[in-house]
Amino acid sequence: MKRDTEIFDIIRRERERQMKGIELIASENFVSDEVLEAMGSVLTNKYAEGYPGKRYYGGCEVVDESERLAIERLKKLYGACWANVQPHSGAQANMAVFMACMQAGDKFLGLNLAHGGHLSHGSPVNFSGLMFKALEYNVKESDGRVDYEQLEQVARAERPRLIIAGASAYSREWDYERIRKVADEIDAIFMVDMAHPAGLIAAGLLKNPLRYAHIVTTTTHKTLRGPRGGAILMGKDFPNPWGKTTPKGEIKMMSALLDSAVFPGTQGGPLEHVIAAKAVAFGEALQDSFKTYQQQVQKNAAAMAKAFVEKGYKIISGGTDNHCMLVDLRTKFPDLTGKIAERALVEADITTNKNMVPFDSRSAFQTSGLRFGTPAITTRGMKEDMMPFIVELIDTVLREPDNKENIDSVRCEVNRTMKQYPLFAW
Ligand SMILES: Cc1ncc(COP(=O)(O)O)c(C=O)c1O
């Protein structure tokens, strides 16, 4: 067969784009060569509907071993009692939890999308908001932190079946204990979506939500630095009292409900090549070097936030406890939208994403904010001394987002700098 030069040329160009730019998208990272190798392996050829030891296809003995290994390593990483590594993505993991815990139309409570929440936590265009009744809590305008009082008020008044903590654009630690208290009071299930800070949590740098939540979901590809995918975990409450009564009248444990909500509830055959790559990434995360890496992610984020503040930018909540930050552009550049800022930065090979800020005066298509994160540049070896330099480059672009000459000279600087931080062994 002739080589598909069309697609491999695209892959080559994307590889070049990744190598030459400064990657600041908070949800992205660069996986190791071993993670890439497992993802590109012959395991992609195998159908394995079901779970290890209970498959609907023959010949699954070998992939059973890698799926079991992925589960065991993930449990060890977070001190979990149960895990499912099959969700194809974070949204799929969340969907399975919704399926297991609620009936269509049931109420649940999550962080407002416009205040940092995720689509799958109740957006009206997502399954979560379409099939279930989404209630929301906000961050406070005064300090940009979660409004726990409002969360408690809504929880007590509406008595949702499920309460969700976790966000896509929130730079502070969570008070899980406080949310668990109100969940217990109203007999709700407490789920934490730790997709963003999962790596920092694995390294012990942020609180482990498994100590407080009934169910924890995650993606595996953000700070955790694994392949694109999701997972579900349970900690001390397993097995738990929130079983559902089946038509036969038996109470099913939450673990069984979650397993069957993933498959056959919302997915078909698991991606065994990705599951093997997850196992590789979890193995990497169990090593001491991963803690050092996460410490650097956190140090870099703090240094970057400080550099932004020193240049007159407003950071929502004033700083960061984790790997990311949300910049409100209006303080320094009242007329600059996130959309224009994102485009100008991309032209300079600095990748970030426009983001609504809490109480934004602009739409989700324009936005007044930019979200930044340090996991990817830290993987490339950058230390905190480079953060003021990166912020200086960003500031140079944002001061004159239409000045092509200016952007060209920043791009040359970016490309020259990134040559010193090699990526990919191949
Ligand atoms: C908090 C949170 N949950 C879930 C997801 C969804 O993950 P995925 O894109 O893998 O479906 C994201 C993605 O950004 C996220 O930030």
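Order of listing sets the numbers, starting from 1, for every ligand and every atom in it. Just so you know, these numbers use all the heavy atoms, side chains as well, and skip hydrogens, waters and symmetry mates.
The existence of a salt bridge linking D395 and K332 is confirmed by a sub-4.0 Å separation between a basic side-chain nitrogen and an acidic carboxylate oxygen.
Contacts of A93 with ligand 1, taken as heavy-atom pairs under 4.0 Å, are absent altogether. The residue Q92 has no part lying near ligand 1, judged by heavy-atom distances below 4.0 Å. Only side-chain heavy atoms of K222 come within less than 4.0 Å of ligand 1; its backbone N, CA, C and O stay farther off.
When distances from atom 14 (O) of ligand 1 to the protein are checked, a heavy atom turns up under 4.0 Å.
The protein heavy atom nearest to atom 16 (O) of ligand 1 is S168 OG, 2.6 Å. At the shortest separation from atom 3 (N) of ligand 1 among protein heavy atoms lies D193 OD2, 2.6 Å. Scanning the protein for heavy atoms near atom 10 (O) of ligand 1, the closest one is G90 N, 2.9 Å. With respect to atom 7 (O) of ligand 1, the closest heavy atom belonging to the protein is T219 CG2, 3.3 Å. The nearest heavy-atom contact from the protein to atom 1 (C) of ligand 1 is A167 O, 3.3 Å. Looking only at heavy atoms of the protein, atom 11 (O) of ligand 1 is closest to A91 N, 2.9 Å.
By the 4.5 Å heavy-atom criterion applied to side chains, I189 and I215 are counted as neighbours. Counting only heavy atoms from C-beta outward, the side chains of D193 and T218 never approach each other to under 4.5 Å. Counting heavy atoms from C-beta outward, N208 and I201 have side chains that approach closer than 4.5 Å.
Of all the atoms in ligand 1, the ones that sit under 4.0 Å from a non-hydrogen atom of H221 are 10 (O). Atoms of ligand 1 found under 4.0 Å from any heavy atom of H196, numbered from 1 in the order shown, are 16 (O).
Shortest non-hydrogen contact noted between V154 and E136 is CG2-O, 4.1 Å.
Tested against E16, the residues K20, R12, R13 include a single salt bridge (Lys or Arg N to Asp or Glu O under 4.0 Å) partner, R12. Looking at R55, K46, K54 one by one, the single match for salt bridge (Lys or Arg N to Asp or Glu O under 4.0 Å) with D64 turns out to be R55.
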Quiz prompt | Candidate pair E185 and R156, rule salt bridge (Lys or Arg N to Asp or Glu O under 4.0 Å), full reasoning | solution = CA-CA 8 Å; E185 199 184 303; R156 287 184 185 121; 2.6 Å; yes
